[in-house]
Amino acid sequence: METNPVQLVECPRDAMQGWPHLIPTQQKIDYINALLDVGFHTIDFGSFVSPKAIPQMADTKEVLKGLNWQQTISKLLAIVVNVRGAEEAVQYDEITYLGFPFSISETFQQLNTNSSIAESLQRVEEIQNRCVQKGKQLVIYLSMGFGNPYGDEYSADVLLRWAGEMIKRDIQILSLADTVGVATPGQIAFALNTLIPKYPQTTIGVHLHSTLENWREKLDAAVGAGCRRIDGALKGIGGCPMAGNALVGNMNTELIISSLEEKKLLEGLNKVALQKCLQLASSIFL
């Protein structure tokens, strides 16, 4: 069993969703199966969303059929943005987690899910009910969790308000998302130091976007504030297609692994399997 202090989440879905050409289904299956051999806590593998909105994820159900999910310690997570998608996702025994992007920026919530914050809160309630009925766990991504470029209000009170709304609904995992990749280490520390002491029974994670120049400072800020759930993507690929920016990549998982191992917060990963994943990633993300 995986006993690491940090839950390391690998996000091939985020790496793939904005890629400029369609990746063949079998190639996705081969890559994700290789990731399942490494020993990550969770694999964010796909999404149940409109193929018109995210064409790259149109084959998520076909990918799921090809995954060796019973031979791994890793759990599978799928992103949903509405109740219809959740109703599909909860039918699959293979899936442990459903992830829902809940932006605390009104502007970005409309851009990302075509709904208001109030409408999205109702969706959270309905999706959570379906997760409970089917034995799934809902992960809420607090998008724009470190501030936003749209001028929408952001403060400790705003952050606490929306985190509190999730916890009222028995959401046990919240992940703060640096959706447009502009959060500073200080902002990361501020957000986590606002939430972690207030909600010690809740897992508070981070989904950070970064560059080769600033990844370490961002990661150190998160770990230093007590964050123990961290998302990444091999080779630092990915970003949110709905953010309308030049896609700052995900934090590079190889770098995260190296740093966490130095800090004695991560061990036991299958490095041979990891090398295979890196080779596959080099052939997919050309």
Side-chain angles (χ1 to χ4, degrees), residues 6-7 9 42 44 77 79-83 85-86 90 96-180 182-208 218 221-231 240 242:
V6 170
Q7 298 177 3
V9 181
T42 298
D44 174 357
L77 179 149
I79 296 294
V80 300
V81 297
N82 54 37
V83 176
V90 297
T96 299
Y97 300 110
L98 271 63
F100 181 83
F102 183 93
S103 181
I104 60 175
S105 156
E106 186 73 56
T107 303
F108 189 70
Q109 192 64 35
Q110 287 285 356
L111 287 171
N112 197 33
T113 63
N114 196 31
S115 65
S116 67
I117 288 179
E119 289 168 329
S120 293
L121 191 61
Q122 180 60 38
R123 289 183 187 180
V124 167
E125 193 149 320
E126 294 181 40
I127 292 168
Q128 172 69 339
N129 287 340
R130 284 157 176 78
C131 285
V132 170
Q133 290 165 7
K134 292 289 188 176
K136 310 300 183 186
Q137 195 164 359
L138 181 56
V139 178
I140 294 294
Y141 290 89
L142 289 178
S143 173
M144 301 291 171
F146 305 102
N148 67 82
Y150 306 112
D152 296 326
E153 183 184 0
Y154 178 86
S155 66
D157 287 343
V158 169
L159 198 54
L160 286 166
R161 175 190 175 190
W162 294 117
E165 290 291 343
M166 300 306 151
I167 289 162
K168 282 180 195 174
R169 290 158 175 81
D170 199 30
I171 308 298
Q172 297 173 12
I173 304 174
L174 302 177
S175 189
L176 298 175
D178 181 17
T179 314
V180 290
V182 296
T184 66
Q187 289 169 323
I188 292 166
F190 170 80
L192 292 169
N193 285 323
T194 296
L195 293 184
I196 290 175
K198 177 74 172 178
Y199 301 115
Q201 303 307 312
T202 303
T203 298
I204 309 290
V206 291
H207 182 100
L208 300 172
K218 288 189 174 190
V223 173
C227 178
R228 294 297 182 264
R229 180 183 174 93
I230 297 168
D231 290 13
C240 179
M242 302 305 176

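Count residues from 1 along the sequence. Everything quoted here is computed from the prediction, not taken from an experiment.
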Might you point out which heavy atoms bring Ser105 and Ile117 nearest each other, and give the distance in Å? C-CD1, 4.0 Å
For the side chain of Gln122 and the backbone of Glu119, is there at least one donor-acceptor N/O pair under 3.5 Å apart? no
Any donor-acceptor pair under 3.5 Å from Thr202 side chain to Ile204 backbone: no
What pairs with Phe146 under ring pair (Phe, Tyr, Trp, His ring centres under 6.0 Å), at least two apart in sequence or on another chain? none
CG of Asn114: more than 12 outside heavy atoms within 6.0 angstrom? no
side-chain contact (heavy atoms from CB on, under 4.5 Å) filter on Ala177, not counting sequence neighbours, yields Thr179, His207
In plain terms, say whether Arg123 and Glu126 are close enough for a salt bridge, that is, a side-chain N and a carboxylate O under 4.0 Å apart. no
Residues in salt bridge (charged side-chain N to carboxylate O under 4.0 Å, His left out) with Arg130, at least two apart? Glu87
Taking all non-hydrogen atoms of both residues, which atom of Tyr150 and which atom of Met144 are closest, and how far apart? CE1-CE, 3.6 Å
Backbone N or O of Leu208 within a donor-acceptor pair of the Asp231 side chain at under 3.5 Å? no
Full working for side-chain contact (heavy atoms from CB on, under 4.5 Å) between Leu77 and Val139: CA-CA 9 Å; Leu77 179 149; Val139 178; 4.0 Å; yes
Show the nearest heavy-atom pair for residues Val124 and Phe102, with the distance to one decimal. CG2-CD1, 4.0 Å
Pairwise side-chain contact, Ser175 with Leu142, heavy-atom cut-off 4.5 Å (strictly under): no
Holding to side-chain contact (heavy atoms from CB on, under 4.5 Å), I want the full list of residues that pass it with Thr203, two or more places apart in sequence or in another chain. Gln7, Ile173, Arg229
Thr194: what forms a side-chain contact (heavy atoms from CB on, under 4.5 Å) with it, not counting sequence neighbours? Ala156, Leu159, Leu160, Phe190
Restricting to side-chain contact (heavy atoms from CB on, under 4.5 Å), what partner residues turn up for Gln128, sequence neighbours left out? Cys131, Val132, Leu138, Asp170, Ile171
Under 3.5 Å: donor-acceptor pair, side chain of Gln109, backbone of Ser103: yes
Nearest heavy-atom approach of Trp162 to Leu121 is CZ3-CD2, 4.1 Å
Quick check against the 3.5 Å criterion: does Arg228 have a side-chain atom that pairs as donor or acceptor with the backbone of Val223? yes
I'd like to know if the side chain of Lys218 and the backbone of Ala183 have a donor-acceptor N/O pair within less than 3.5 Å. yes
Closest heavy-atom pair, Val90 versus Lys136, reported as atoms and distance to 0.1 Å, is O-CE, 3.4 Å
Donor-acceptor pair, Asp178 side chain versus Val182 backbone, under 3.5 Å? yes
I'd like to know if the side chain of Gln187 and the backbone of Thr184 have a donor-acceptor N/O pair within less than 3.5 Å. yes
Donor-acceptor under 3.5 Å (Tyr154 side chain, Ile104 main chain): no
